[in-house]
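Just so you know, these numbers come straight off a predicted model, no measurement behind them. One-based numbering along the sequence shown. Computation of the quantities below employed the complete heavy-atom set of this structure, encompassing side-chain atoms and omitting hydrogens, waters and symmetry-equivalent molecules.
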Amino acid sequence: MRKLQEHLAYSNIVVAGSAGALALIHSIRFPFIPVSYACMVFFATLAAYGYMHLSGSFGAGTQAEHPVLAYTARHSFLLKILSAASALLALGLLMRFHIQSALWLLPALISSALYPSSKFWRKGLRSFPRLKLPLIAFTWSWVCAFVPLYTAAAPLGLILLRSLLVFFWIGSLAIAFDIRDLQFDDSSIQTSAQRGRTGALRLAQLFNLLAMALLLTEHLLFSSCGSCVLFLVVPGLLTAWGLRRINDRSDPLFISFHMEALPILLAMMIWIAQA
């Protein structure tokens with residue numbers, strides 16, 4: 001079972017599923033937002049994370065190194081094929097949308113392309129102090145919430161609530177990944193975890209609390225299913241528990257698989273609540 005979890009997590013399938021799930025939430029509530037957008041986000045995320053990990057995996061290959069990069073180095077050929085095929089599928093789906101939607105996604109495409117260091121540029125965006133966490137949270141919020149809702153002319157209040165929800169929740173999960181990467185990242189990056197593990201976990205818990213408060217506010221304002229409110233906080237409670245768990249033992253696979261998959265659980269909860 002652990003081997004299967006490693007393949008799903010380190011091949012970027014779980015993270016792509018989570019991004020697709022966050023995008024799918026909008027299609028559950030608004031049928032006019034096509035499910036194909038969530039599919040496009042899934043394949044685009046799979047391609048983007050594959051590209052970023054392949055860019056950083058040169059020279060990796062031992063278990064003592066970063067687990068994701070070591071996995072990427074061992075399976076680089078298959079991951080190159082998977083990433084290239086995913087990029088083509090994402091492009092094919094993107095061409096089905098209005099040109100306006102495609103143009104709105106350019107900031108995310110540019111930030112993803114410039115995020116890792118590569119042979120073309122020595123310092124990617126993640127190398128700039130204090131930029132890594134807000135860049136990740138903003139990119140996810142932009143792609144998974146703002147763009148699909150804004151281009152579908154959803155109510156402004158809903159756009160803001162959903163965008164901030166994704167920003168803060170992904171921010172809390174990104175801090176968990178900072179802790180996973182603590183022994184691998186260069187200290188010059190200055191991630192929140194490197195400035196203090198305890199303070200980083202407190203910030204992650206605060207972000208998670210803000211995200212769940214925004215989720216409940218949105219549900220109370222824009223949904224008729226008031227009895228489902230408490231049901232929806234389960235992913236937030238699991239996030240809080242996961243953050244406490246990694247404070248004692250930061251198992252990289254637990255963070256990469258179980259915590260990364262929490263947005264998929266949220267999508268399932270919302271789908272059940274809307275049924």
Side-chain angles (χ1 to χ4, degrees), residues 12-26 33 37-56 68 83 86-87 90-91 93-94 97 100-118 121 123-151 159-178 180-181 185 189-193 203-204 207-208 210-211 214 239 255-256 259-264 266-267:
N12 308 308
I13 291 176
V14 173
V15 67
S18 292
L22 286 176
L24 183 63
I25 289 172
H26 315 309
I33 298 179
Y37 181 84
C39 295
M40 185 276 297
V41 170
F42 171 83
F43 288 116
T45 304
L46 196 57
Y49 274 76
Y51 155 73
M52 289 186 284
H53 291 157
L54 285 164
S55 296
V68 178
S83 299
S86 298
L91 181 61
L93 289 168
L94 186 61
F97 304 137
Q100 181 185 16
S101 299
L103 291 176
W104 276 105
L105 290 170
L106 278 177
L109 176 63
I110 294 171
S111 66
S112 297
L114 298 179
Y115 182 79
S117 301
S118 70
W121 42 84
K123 291 186 65 174
L125 293 177
R126 76 181 302 274
S127 300
F128 289 87
R130 306 179 188 274
L131 184 59
K132 178 182 176 183
L133 175 62
L135 182 63
I136 292 172
F138 172 78
T139 301
W140 277 65
S141 176
W142 184 263
V143 172
C144 298
F146 180 84
V147 170
L149 290 172
Y150 180 79
T151 55
I159 295 173
L160 293 175
L161 286 170
R162 283 272 176 98
S163 298
L164 289 173
L165 158 64
V166 175
F167 180 89
F168 284 118
W169 196 27
I170 294 303
S172 72
L173 296 177
I175 291 173
F177 280 80
D178 274 355
R180 183 199 68 182
D181 297 344
D185 277 345
I189 296 176
Q190 288 294 304
T191 65
S192 56
L203 180 62
F207 279 8
N208 177 49
L210 288 171
L214 289 163
T239 302
I255 298 170
S256 296
M259 294 199 70
E260 188 74 82
L262 286 172
I264 300 174
L266 176 63

Could you report the tightest heavy-atom contact between [X] and [Y], atom names first, then the distance?
| X | Y | answer |
| --- | --- | --- |
| Ala44 | Ala90 | N-CB, 3.6 Å |
| Leu46 | Ser86 | CD2-OG, 3.1 Å |
| Leu133 | Ala174 | CD1-CB, 3.4 Å |
| Ala47 | Ala87 | CB-N, 3.6 Å |
| Ala137 | Ile170 | CA-CG2, 4.1 Å |
| Trp142 | Pro148 | O-CD, 4.3 Å |

Check: [X] side chain, [Y] main-chain N or O, donor-acceptor pair, under 3.5 Å:
| X | Y | answer |
| --- | --- | --- |
| Ser141 | Ser163 | yes |
| Tyr51 | Ser83 | no |
| His26 | Cys144 | yes |

Exercise for review: Please work out whether the ring planes of Trp140 and Tyr49 are parallel, tilted or perpendicular, with thresholds of 30° and 60°.
Suggested key: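 The rings of Trp140 and Tyr49 stand perpendicular, inter-plane angle above 60°.
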**Study point:** Partner of Leu22 under side-chain contact (heavy atoms from CB on, under 4.5 Å), chosen from Val41, Val166, Leu165
**Key:**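 The single option meeting the side-chain contact (heavy atoms from CB on, under 4.5 Å) with Leu22 is Val166.
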Does [X] reach the side chain of [Y], with side-chain heavy atoms less than 4.5 Å apart?
| X | Y | answer |
| --- | --- | --- |
| Ile33 | Leu149 | yes |
| Phe97 | Met40 | yes |
| Thr45 | Val143 | no |
| Leu135 | Ser111 | yes |
| Val14 | Ser256 | no |
| Trp169 | Asn208 | yes |

Point to revise | Polar contact flag, side-chain donor to acceptor under 3.5 angstrom, Trp104-Thr151 | key: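 Their side chains do not contain a donor-acceptor pair, so the 3.5 Å distance test is not met.
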Check your understanding: With sequence neighbours left out, which residue pairs that include part of residues 12-25 fulfil the side-chain hydrogen bond (donor to acceptor under 3.5 Å, both in side chains) condition?
Key ->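 Listed once each, the pairs are Asn12-His53.
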Let me confirm one number: the [atom1]-[atom2] distance from [X] to [Y], rounded to the nearest 0.5 Å.
| X | Y | atom1 | atom2 | result |
| --- | --- | --- | --- | --- |
| Met259 | Thr239 | CE | OG1 | 5.5 Å |
| Leu203 | Ile175 | CG | CD1 | 4.0 Å |
| Leu94 | Phe43 | CG | CZ | 13.5 Å |

